Amino acid sequence: MDLALLRTFVTVHRAGSFTRAAALLGLSQPAVTSQIRTLERQLGRPLFLRQARGVTPTTIGDELAHKAAPHLDALVEIAESGLDDDSSLRTLHLAGPPEFTAERALPALTELTGDDGQGFALRASFGTAEEVLDGLACGHHDLAISTTRPRGALFTATPLCDEELVLVAAPRWAGWIGPDALRLKGAPALENLPVVEVHESLPFVSHYWASAFDARPAASGTVIVPDLRAVLSCAIAGAGLAVLPRYLCAPALDEGTIVPLHDPAVPPLRTYFLVARTGTLALPHIARAQEWLQRAATAWY
């Protein structure tokens with residue numbers, strides 16, 4: 001059986017789409033369709049059920065993928081391992097949320113970009129969880145950091161770390177609501193305060209309200225800016241309350257330029273996942289980057 005046909009088949013099986021598989025393989029969609037049809041003729045059985053959006057594997061398709069994929073991944077690892085000594089051939093494309101990637105991931109990975117003969121070049125992209133996972137699926141990135149655990153066979157996701165979320169504001173707002181208002185009234189005590197957020201949907205505030213108050217925020221955003229570092233700057237300037245990761249706002253809390261408005265018994269958390277396309281962790285530079293980030297994450301919180 002032609003290994004090229006099997007490689008195309010496994011890619012389609014993992015991607016769930018001829019179009020997405022074609023992008024990953026660097027082929028046209030008609031070429032991918034032709035290869036799958038050729039393999040189906042050789043086997044005498046259909047491997048996929050065509051649907052309006054993508055494809056679903058048949059039982060025989062699932063069985064073939066289960067048998068073939070590990071061996072194809074092993075062959076990729078063998079082929080690539082001989083190139084690991086030449087760092088000029090290696091570029092890691094990383095994508096993730098701008099703040100976490102800039103403050104945590106990139107400083108950790110820059111240690112692997114040296115000239116010790118085992119490093120690699122590094123290229124970073126920023127985006128939302130949906131954007132970075134779409135880019136990973138299309139082959140634009142090698143590794144993604146996401147706050148959403150992806151589903152499906154295309155991705156392999158590993159929990160990286162949890163971050164604690166803190167409800168903060170400039171000191172004058174804490175004085176405005178009073179020291180006992182939250183304890184006595186809960187979330188309603190905050191309804192008249194302006195809100196600084198990264199999106200109109202208030203993702204951080206909504207997450208905090210659901211976790212800490214079992215409620216939805218009644219306020220709308222007063223300042224919307226798509227970067228948590230800018231949210232922090234606006235909160236320090238007195239623009240309103242904000243929900244921020246503790247690692248990002250810890251220096252400002254220590255300096256007293258912002259103060260916590262709430263001290264829940266169980267702090268709301270947000271989980272980061274390290275995501276790669278299934279099978280690509282056989283590539284040494286991607287595997288090394290994943291291992292390095294997981295090791296670094298043990299010291300972050």
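No experiment lies behind these values; they were computed from the predicted model shown.
- Expressed to the nearest 0.5 Å, how far CG of Leu136 lies from OG1 of Thr280 amounts to 7.0 Å.
- Under the 30°/60° scheme for interplanar angles, the aromatic rings of Phe48 and His13 are found to be tilted.
- In the displayed structure, Asp254 atom CG is contacted under 6.0 Å by more than 12 heavy atoms of other residues, nucleotides or ligands.
- Here the shortest heavy-atom pairing between Gly61 and Pro57 reads C-CB, 4.4 Å.
- With contacts defined as side-chain heavy-atom distances shorter than 4.5 Å, the pair Leu228/Phe100 does not qualify.
- For the pair Leu167 and Leu190, the minimum side-chain heavy-atom distance is below 4.5 Å.
- The hydrophobic clustering, which links ILVMFWY residues whose side-chain heavy atoms are closer than 4.5 Å, places Tyr208 and Leu232 together.
- Counting heavy atoms of neighbouring residues, nucleotides and ligands inside a 6.0 Å radius, atom CD of Glu130 does not exceed 12 of them.
- At a cut-off of 3.5 Å, with distance as the only test, no side-chain donor of Arg37 or Ser34 sits close to an acceptor on the other residue.
- Side-chain atoms of Arg277 and Leu24, non-hydrogen and from C-beta on, do get closer than 4.5 Å to each other.
- By the 4.5 Å heavy-atom criterion applied to side chains, Gln42 and Leu5 are counted as neighbours.
- Hydrophobic clustering (side-chain heavy atoms under 4.5 Å, transitive across Ile, Leu, Val, Met, Phe, Trp, Tyr) groups Val205 together with Leu248.
- Here the side chains of Leu112 and Leu92 are not in contact, with every heavy-atom distance at 4.5 Å or above.
- In this structure, the side chain to side chain contact (heavy atoms under 4.5 Å, CB included) partners of Ala235, at least two apart in sequence or on a different chain, are Ala242, Ile258.
- Pairing each heavy atom of Cys161 with each of Trp300, the nearest pair is SG-CE3, 4.0 Å.
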Exercise. Would Leu43 and Ile60 count as a side-chain contact (heavy atoms from CB on, under 4.5 Å) if you check the C-alpha gap in whole Å, the side-chain angles of each, and the deciding distance to 0.1 Å?
Worked result: CA-CA 10 Å; Leu43 295 173; Ile60 190 67; 5.6 Å; no

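- When Glu40, Gln35, Arg41 are each tested for a side-chain hydrogen bond (donor to acceptor under 3.5 Å, both in side chains) with Thr38, only one passes: Arg41.
- For the atom pair Leu49 CG and Thr59 OG1, the distance stands at 8.5 Å (nearest 0.5 Å).
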For this session: Take Phe9 and Ile36 through the test side-chain contact (heavy atoms from CB on, under 4.5 Å) and record every step on the way to the result.
Result: CA-CA 6 Å; Phe9 161 72; Ile36 295 300; 4.0 Å; yes

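- Under the 4.5 Å side-chain heavy-atom criterion for grouping Ile, Leu, Val, Met, Phe, Trp and Tyr, Trp173 is connected to Phe204 within one hydrophobic cluster.
- For the pair Thr113 and Leu109, the minimum side-chain heavy-atom distance is 4.5 Å or more.
- By the 4.5 Å heavy-atom criterion applied to side chains, Pro97 and Tyr272 are counted as neighbours.
- The two residues Ala289 and Leu143 make their nearest non-hydrogen contact at CB-CD2, 4.0 Å.
- Put simply, Leu94 and Phe273 are part of two different groups of oily side chains (I, L, V, M, F, W, Y) that touch within less than 4.5 Å, one to the next.
- At distances below 3.5 Å, not a single donor-acceptor pair connects side-chain atoms of Ser206 with backbone N or O atoms of Pro203.
- A donor-acceptor distance shorter than 3.5 angstrom exists from the side chain of Thr278 to the backbone of Leu154, with no hydrogens or angles considered.
- Atom NZ in Lys67 sits 14.0 Å away from atom CG in Leu72 (nearest 0.5 Å).
- Here ring-ring contact (aromatic ring centres under 6.0 Å, His included) pairs that include residues 221-257, with residues two or more places apart or in two chains, number zero.
- A salt bridge is defined here as a Lys NZ or Arg NE, NH1 or NH2 lying under 4.0 Å from an Asp or Glu carboxylate O, and Arg270 with Glu99 fails to meet this definition.
- A pairwise comparison of heavy atoms in Glu131 and Gly127 identifies OE1-CA, 3.2 Å as the closest pair.
- Leu3 and Leu47 end up in the same hydrophobic cluster when Ile, Leu, Val, Met, Phe, Trp and Tyr side chains are linked at under 4.5 Å.
- A donor-acceptor pair under 3.5 Å is absent between the side-chain atoms of Ser146 and the main chain of Ala129, judged by distance alone.
- Distance check: His141 NE2 to Ile286 CD1 gives 12.5 Å after rounding to the nearest 0.5 Å.
- For the atom pair NE2 of His207 and CG of Leu165, the computed distance is 5.0 Å after rounding to the nearest 0.5 Å.
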For this session: Walk me through it: do Asp142 and His285 pass the test side-chain contact (heavy atoms from CB on, under 4.5 Å)?
Result: CA-CA 10 Å; Asp142 300 314; His285 67 302; 4.2 Å; yes

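- Arg229 CZ: more than 12 foreign heavy atoms inside a 6.0 Å radius.
- Pro268 and Ala212 get closest at one heavy-atom pair: CG-CB, 4.3 Å.
- For the pair Ile145 and Val132, the minimum side-chain heavy-atom distance is 4.5 Å or more.
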For this session: Could you walk me through whether Ser125 and His140 pass the side-chain contact (heavy atoms from CB on, under 4.5 Å) test, one step at a time?
Result: CA-CA 10 Å; Ser125 301; His140 302 316; over 6 Å; no

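- Heavy-atom neighbours of Arg50 CZ from other residues, nucleotides or ligands within 6.0 Å: above the threshold of 12.
- The pair Arg295-Glu291 counts as a salt bridge, with a side-chain nitrogen and a carboxylate oxygen less than 4.0 angstrom apart.
- Across all their heavy atoms, Thr58 and Pro46 have their closest contact at OG1-O, 2.8 Å.
- Interatomic distance, Leu244 CG to Glu164 CD, rounded to the nearest 0.5 Å: 12.0 Å.
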